[in-house]
Structure formats: C-alpha cells, structure tokens
Amino acid sequence: MSLVIQNLHARVVGGQEILRGLNLEIEKGRVHAIMGPNGSGKSTLSKIIAGHPDYEVTSGEVLLDGTNILPLSPDARARAGLFLAFQYPVEIPGVSNANFIRAARQARLAEGEELDAVDYYGELYKEMDSLEIPRSFTARSVNEGFSGGEKKRNEVLQMAMLQPSYAILDETDSGLDIDALKIVAAGVNAQRSSNVGMLVITHYQRLLDYITPDVVHVLVGGRIVRTAGPELAHELESKGYDWIREDLAESASA
Amino acid sequence: MRALKPAPPFFMTDSLLQDAPSAAALPEWFTKAKASATSAFEALPMPTRRDEFWRFSNLKALDPQDFTPARPVASEVCEELLASSSGIKASAGRLVFANDQLLARNTDAELAKTGVLWMPLSEALHSHSELLSRYFMRTESVLGSAKFQALHRSSVKEGSFLYVPKGVSVSAPLEAFHWLAGSGQAVFPHTIIVAEEGSSVTMVDWFKSASEARNMACGVNDLHVGAGAEVRYVCIQDWSRQTVSLHANATTVAERGSATHLGLHLGGLFSRIESLSRLNGAGARSDMLAATVADSAQEFDQRTLQDHRSPETYSDLLYKNALYDQAKTIVSGLIRVEPQAHKTDAFQKVRNLILSPDAEANSLPGLEILADDVRCSHGATTGEIDAEELFYMQSRGIPARDAYRLITFGFLNEVLERFPDQTVRERLQETLRARLHGH
C-alpha cells in the first residue's frame with residue numbers, strides 16, 4: 001500500500017514545465033521528506049497531486065494504493081484518501097470552522113447517511129484540545145483572522161478529523177515560531193501510524209528536528225536528485241543546496 | 001400520591017378569530033388619510049425608468065390594476081397556514097395573518113404586565129387610536145414609491161402594532177406571519193414599532209405564500225426608535241416566485257437610539273424594497289443589512305437612503321446579493337449628510353456574488369455630503385466564487401457543488417452574523433440554508 005508518483009511531468013496550464021519526470025513512492029506507515037531550494041517545484045508538486053486547476057499533467061501517473069488518481073477531481077482525490085496541508089490555508093468568510101469540517105466529513109458518507117452531530121463534536125473537541133485550539137474556534141469563520149500558527153494548527157486538526165491514508169504537508173513550518181512549531185509537530189507525530197503515509201515538504205531542516213522522517217529526498221529542477229536517510233537533511237542544513245547542484249553538474253558532464 | 005397540577009400554558013392558545021371590526025368604526029384621522037391617499041394614488045403617475053429612483057427597474061411586472069384586494073381565506077386553508085407558521089422557538093408573542101386578516105395571536109403573559117402593546121393594527125385603531133395616529137405613516141416616501149405608499153395607505157387594514165414603553169426591555173423576540181393565498185390578489189401588510197426611551201425589542205416579520213399563484217404585496221414598515229432605545233427588526237421575504245412585492249421601510253432614530261434592520265430576501269418574482277434610515281438625534285445609529293438570494297428570473301430592486309440629520313450619528317449599510325440563473329438585482333444606495341450633522345460616520349457596502357453568466361447585478365452608490373467633519377465610505381464589488389476557496393474545500397473532499405453552496409452561504413451569512421439576537425440569527429441561518437438547498 002503506497003502512494004506512487006511515476007515519471008510525473010507537469011506544467012502551469014499553457015506554460016512552463018515544472019515537474020520533469022518525478023518518481024517517488026510513499027509507503028503507508030512511513031514519513032518521507034522532500035527538501036529543495038526555492039523554485040525547485042516543491043510546493044507545485046503538492047498542488048499537482050491534489051489536483052489544483054492551475055496545473056496540468058503532461059505525462060506520468062499518481063497511484064493511490066494502485067489507482068491512478070489523476071483523472072479524478074480534487075474532491076474525489078481527497079475522498080480516496082489524500083490530504084494536503086496547505087502552506088497558505090485559505091480563508092472562507094462566513095463559514096464556521098465546525099461546519100466546514102463537518103461538510104468534509106459528511107462528504108465521505110454514503111448518500112442519505114447523516115453525520116451524528118454529538119459524536120462529531122465530541123471528536124472535534126478532543127482533537128482541538130490536543131492541538132491547544134480554543135473551543136471558540138468552532139464558531140469562527142474558516143481561517144479568517146487566524147494567526148499563522150493557528151492556521152497551521154487548523155490544518156493539522158482537519159487532517160486528524162479526516163484521517164487520510166496519505167498526507168502531504170506543504171511547508172507546514174513556514175511562518176511559525178518555535179512554540180507553534182512544536183505544537184504543530186506534536187499534532188503531526190500523534191497521527192503517525194501504520195495507516196498513513198506522509199510527505200513533508202520543507203525548505204529548512206528545522207521542521208525535521210521535530211518530525212523525524214524515515215527518508216529524505218532532494219528535489220531540484222523538477223526531479224528527485226538525491227534520496228537518503230534523515231542524515232541528508234543535516235548535510236543540507238550545513239552545506240546548503242549548492243553542493244548538490246555542483247554534484248549534478250559534474251555527473252552531467254562526466 | 002396526588003399528581004402535580006400541570007403548569008398553566010405559557011401562551012394563550014392559537015385560535016381562529018372572528019372578523020375584524022367594521023370599517024364604519026374606524027377613527028376619523030385614519031379614514032380621512034385613507035381618502036386623500038386614494039386620490040393621491042390615482043393622481044400620481046406610474047413611475048418610469050426615466051425616474052432617478054427607478055433606473056434599471058423592470059416596471060412591466062408592476063401594474064396594480066391586475067390585482068384585487070385579497071379576499072378572506074377558507075377556514076381549512078387557515079388551519080394549514082397556522083400549522084405552517086413555524087418561526088422562532090421561543091417568541092414572546094405571535095401574530096398570524098392571512099390575506100390581511102388575523103388568524104391567530106398570542107402574547108407572553110409576563111410581557112403584557114410590562115405595558116408592552118402587541119396587537120393587530122385593526123385592534124390598535126380602536127383601542128390606541130391616538131397613540132397610533134402619532135406614528136402611523138408619518139414619514140413621507142422619499143425613495144420613489146410615493147404612488148405605492150399611497151396605495152398602501154388607501155388599502156391597509158391589518159398589520160402588527162408593537163409599542164414598548166419607556167425603559168422596558170423585551171428579551172425574547174416577537175414575530176408576525178403574513179400569508180398570501182389565492183390568485184390575482186393584493187395584500188397590504190403593515191408593521192409599526194414604537195420603542196420609547198431606553199427600551200429594547202426584537203421583532204421578526206415573515207412574508208409567505210400559500211401557493212405559487214401570482215399575487216401582489218404592497219407593505220409598509222414604520223420603525224420609531226426613541227432616545228437610547230434599541231430596535232432589532234428582521235423581515236424574511238419568502239413570497240412565492242410569482243409574487244410582485246413592494247415594501248417600504250422607514251426607520252427613524254432619536255438621540256442615542258439604535259436600529260438594526262435586516263432583510264432576508266428570498267422570494268417574489270419582482271421585489272421592490274425601499275429602506276430609509278433617518279437619524280434624527282445626536283448619537284443615533286442605524287445598521288441596515290440585507291442578504292438576497294436571487295435565482296430563475298427573480299428581480300430584487302433595492303433602494304436605500306441613510307439620512308443623517310443630527311451630529312455624531314452613525315449608519316452602516318451592508319447589502320449582499322447572490323445571483324443565480326437570469327436573476328437581476330439593483331442596489332441604489334444614497335448617503336445624505338445634512339449640514340448640521342457633523343461628526344457623522346456613514347458607511348455603505350454592496351457585495352454581489354455572481355453564480356451564473358446570465359445574472360445581472362447593478363450597484364448605484366451615491367453620496368450627498370453637506371457637512372464638513374464626516375467619515376463616509378461606500379463601495380460596491382461584484383465577483384464570482386474564489387477559485388482558491390473552491391480548491392481548498394475540494395481538497396477536503398467536499399464536492400464542487402456543495403463547496404459552491406457552502407461558500408455562497410458564507411457570503412450571505414456574513415450579513416446574518418451582524419444581527420445581534422442569537423436565536424433569530426440561527427433561525428435565519430436555517431432559513432437561508434434551506435433556500436440554498438438544491439443550488
């Protein structure tokens with residue numbers, strides 16, 4: 001059981017190619033990290049997997065437990081078990097957080113089946129408590145007026161409530177101070193299990209001090225160019241990304 | 001063991017009432033004004049689109065000659081309408097009308113003891129004629145509907161009269177239902193609220209049809225907010241999709257008084273809605289709110305005036321329209337600040353959400369500022385569903401159609417959220433949700 005990305009080529013609709021033959025396999029129960037310099041295509045990768053309409057896949061497949069999800073709409077991909085924690089969570093005025101998550105849960109039920117409101121709120125409050133999100137946030141509009149840390153905690157809350165099979169966390173550390181980062185990381189770690197595969201996308205090694213990955217990949221120029229254990233993140237932290245680029249140039253000319 | 005005696009009912013029970021008192025017994029001031037309104041109606045020309053206040057309006061739907069005053073409703077229909085009159089769970093009193101006839105009334109026993117008057121207009125005309133005469137349609141029509149207000153004045157026979165004495169605060173909302181049954185008929189619902197100094201009250205008006213037939217409603221509201229008083233008023237316009245509706249609201253606010261007027265506009269084929277807020281005393285405040293769902297060939301023609309006549313007055317207008325299909329909306333909003341009304345704050349925001357390429361939203365803001373030291377802003381925007389909001393929702397598994405509906409709900413709910421009474425707010429949200437169901 002895994003999320004397999006096979007030879008993925010994708011571009012901005014009618015524009016420049018961003019992913020150039022990307023291959024990756026995320027097994028259930030494992031945490032993979034993707035690191036890479038700015039502009040390497042990290043965030044685009046997450047949007048393409050989730051089905052953002054600004055991008056088009058020109059070749060390749062994304063197999064979720066064996067099924068190619070690329071023909072599916074973004075909502076069908078999510079119901080198939082995919083979750084994307086946004087780098088910049090979107091504000092939805094006038095829609096309460098509780099109703100939003102409830103609609104997402106309801107969408108996973110069969111036609112005519114109704115969510116049990118008491119169970120739902122019980123579960124919601126439990127997850128909110130463990131993420132230190134005040135109860136008042138159920139009635140607030142989705143992400144509206146939330147601080148950076150509150151938005152990211154809200155993403156992790158949604159992940160907890162939707163129990164995906166595969167979760168992509170896009171720059172979940174960006175805009176967080178160290179205290180917020182610890183809470184968010186603890187929330188993510190609490191969800192690590194044999195039932196979920198995670199892909200953590202980050203520019204900095206800092207996040208990986210708190211969410212220890214099993215595998216680290218380096219993305220440069222729309223391709224995975226290095227794959228190793230967690231020690232690779234430390235190497236990147238101390239040496240930067242240039243040595244990888246130099247390595248790549250050498251091997252290309254060799 | 002002896003069984004406990006059941007508590008007495010909180011409300012008097014609903015009952016079908018007998019005919020209203022005959023016209024012969026109406027007070028002279030009322031019949032006199034009625035006669036002059038009848039001549040005024042006949043003398044005034046039908047508005048045309050060349051009139052400033054009727055720009056962009058579709059006047060074709062509007063010929064009152066096509067309708068006759070509504071006839072009483074058969075008693076078995078009345079029973080059905082009564083059963084369908086479900087509004088606020090815990091109201092302090094309720095009036096139910098069908099075709100301008102009273103069907104039922106009840107009042108919280110405690111409320112009556114405070115001196116609050118809550119009764120049908122037909123009764124107030126007899127029991128509180130002098131009080132009523134001081135407030136009844138005392139504000140002239142300034143937004144274009146003089147002819148239709150004259151028609152209302154000439155034809156009105158029923159409505160709600162709510163009087164709140166000085167210093168009395170009514171915590172639970174009061175509500176009235178106006179049903180329209182039959183076909184080719186016209187009703188003239190009236191709501192008059194007088195809130196004396198330092199009092200506080202919430203009232204909800206429901207306007208509903210018994211069937212899909214083509215009818216006409218020509219209603220007027222008079223809201224009089226005394227010094228330091230607070231009036232929160234909601235109108236839920238849910239007429240049938242064949243109904244031609246004209247509704248004129250006049251709010252006057254005395255010093256330090258505060259009015260909130262919210263319209264939830266859902267029904268009707270053609271709806272003309274005029275709302276005037278006149279800020280008469282220093283420190284007076286008015287919040288003018290409207291949320292409109294327009295679909296099929298519905299047209300909502302909304303005209304407003306924020307009329308600042310005293311210093312340090314405050315008005316804030318937020319009108320939002322969600323438009324589907326070939327629907328059309330107009331919001332023409334004028335802010336007028338008189339020379340003496342310095343230190344005035346006046347805001348006006350119109351937001352249109354376009355959900356179909358064939359829908360048409362018109363926004364016509366206007367300012368007439370005659371004072372110096374004022375803060376005024378007005379703005380109108382028209383847009384579609386934000387693609388990032390849609391993607392975010394879809395990425396959570398919410399199908400696009402549900403996401404559209406949820407985002408549209410949120411868009412309009414921002415207006416409902418501004419209403420201070422939570423019970424009413426929740427009922428409005430429920431009503432809005434039901435209205436969007438199927439979109």
Side-chain angles (χ1 to χ4, degrees), chain A residues 13 46-55 72-109 111 139-144 151 154-155 157-159 161-165 167-168 170, chain B residues 262 264 289-293 318-322 349 351-353 355 381 383-419 422-423 425-426 428-437 439:
Chain A
V13 174
S46 67
K47 288 184 180 169
I48 288 165
I49 298 172
H52 195 288
D54 285 355
Y55 304 96
L72 303 180
S73 62
D75 50 293
R77 295 180 196 198
R79 292 194 300 276
L82 187 72
F83 182 85
L84 170 60
F86 281 52
Q87 181 180 4
Y88 302 110
V90 179
E91 298 181 2
I92 304 173
V95 177
S96 77
N97 219 24
N99 279 346
F100 171 57
I101 299 174
R102 187 176 173 156
R105 285 281 289 260
Q106 180 71 46
R108 285 159 172 79
L109 301 179
E111 188 81 34
R140 286 182 56 179
S141 293
V142 178
N143 293 323
E144 200 180 39
K151 283 182 178 169
N154 202 34
E155 294 293 289
L157 171 66
Q158 291 168 46
M159 180 163 94
M161 292 299 291
L162 299 178
Q163 306 246 312
S165 316
I168 304 169
D170 186 12
Chain B
L262 189 152
L264 179 58
L289 307 166
T292 299
V293 181
L318 177 63
Y319 273 40
K320 286 194 168 195
N321 304 298
K349 240 194 241 178
R351 298 282 178 268
N352 301 308
L353 179 61
L355 296 149
T381 59
E384 296 171 18
I385 294 272
D386 181 86
E388 294 304 319
E389 289 179 32
L390 179 64
F391 176 65
Y392 189 64
M393 287 215 164
Q394 284 190 283
S395 78
R396 277 22 181 173
I398 301 170
R401 196 183 156 105
D402 295 342
Y404 265 90
R405 192 171 50 241
L406 208 49
I407 293 167
T408 305
F409 173 84
F411 169 78
L412 294 170
N413 185 38
E414 283 200 299
V415 175
L416 309 186
E417 290 281 354
R418 292 264 303 267
F419 197 75
Q422 191 187 342
T423 317
R425 207 165 53 226
E426 285 171 3
L428 292 171
Q429 287 166 337
E430 192 185 314
T431 307
L432 174 60
R433 219 170 265 130
R435 176 66 174 82
L436 293 177
H437 190 82
H439 272 296

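Given the structure is predicted, the values throughout are model-derived calculations rather than measurements. So you know, we letter chains A, B, ... as the sequences are listed, proteins then strands, and number each from 1. Worth knowing before you read on, the calculation uses all heavy atoms, side chains too, and leaves out hydrogens, waters and symmetry mates.
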- prompt: Just checking, is any N or O donor in the side chain of His52(A) or Gln394(B) under 3.5 Å from an acceptor N or O on the other one?
  reply: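 Distance-only check fails for His52(A) and Gln394(B).
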message: The criterion is ring pair (Phe, Tyr, Trp, His ring centres under 6.0 Å); which residues satisfy it with Phe83(A), sequence neighbours excluded?
response: none
statement: In this structure, CD1 of Ile92(A) is separated from CG of Leu406(B) (nearest 0.5 Å) by 7.5 Å
- request: Starting at CD of Gln429(B), measure out to CG of Asn99(A) and round the result to the nearest 0.5 Å.
  value: 8.5 Å
message: Please rank Ser73(A), Pro74(A), Ala107(A) by heavy-atom pairs under 4.5 Å with chain B and give me the top one.
response: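 Max contact count across the listed options: Pro74(A).
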Quick check on [X] against chain B: is it the side chain, the backbone, both or neither that has a heavy atom closer than 4.5 Å?
X         : value
Pro164(A) : neither
Glu91(A)  : backbone
Arg108(A) : side chain

Can you name the nearest heavy-atom pair linking [X] to [Y], along with the distance?
X         : Y         : answer
Ala78(A)  : Gly397(B) : CB-N, 3.3 Å
Gly410(B) : Val95(A)  : CA-CG2, 3.7 Å
Gly51(A)  : Phe391(B) : C-CE1, 3.7 Å

field: Under 4.5 Å from a heavy atom of chain A, the part of Arg405(B) involved
entry: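 Neither the backbone nor the side chain of Arg405(B) comes within 4.5 Å of chain A.
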query: For Glu389(B), is it the side chain, the backbone, both or neither that has a heavy atom under 4.5 Å from a heavy atom of chain A?
result: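 Glu389(B) touches chain A through backbone and side-chain heavy atoms alike.
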query: Heavy atoms, side chains only, cut-off 4.5 Å: are Val142(A) and Arg396(B) in contact?
result: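 Answer no - side chains too far apart.
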message: With a 4.5 Å cut-off on side-chain heavy atoms, are Glu414(B) and Ser141(A) touching?
response: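 No. Closest side-chain heavy atoms not under 4.5 Å.
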query: With under 30° as parallel and over 60° as perpendicular, where do the rings of Tyr392(B) and Phe100(A) fit, or are they tilted in between?
result: parallel
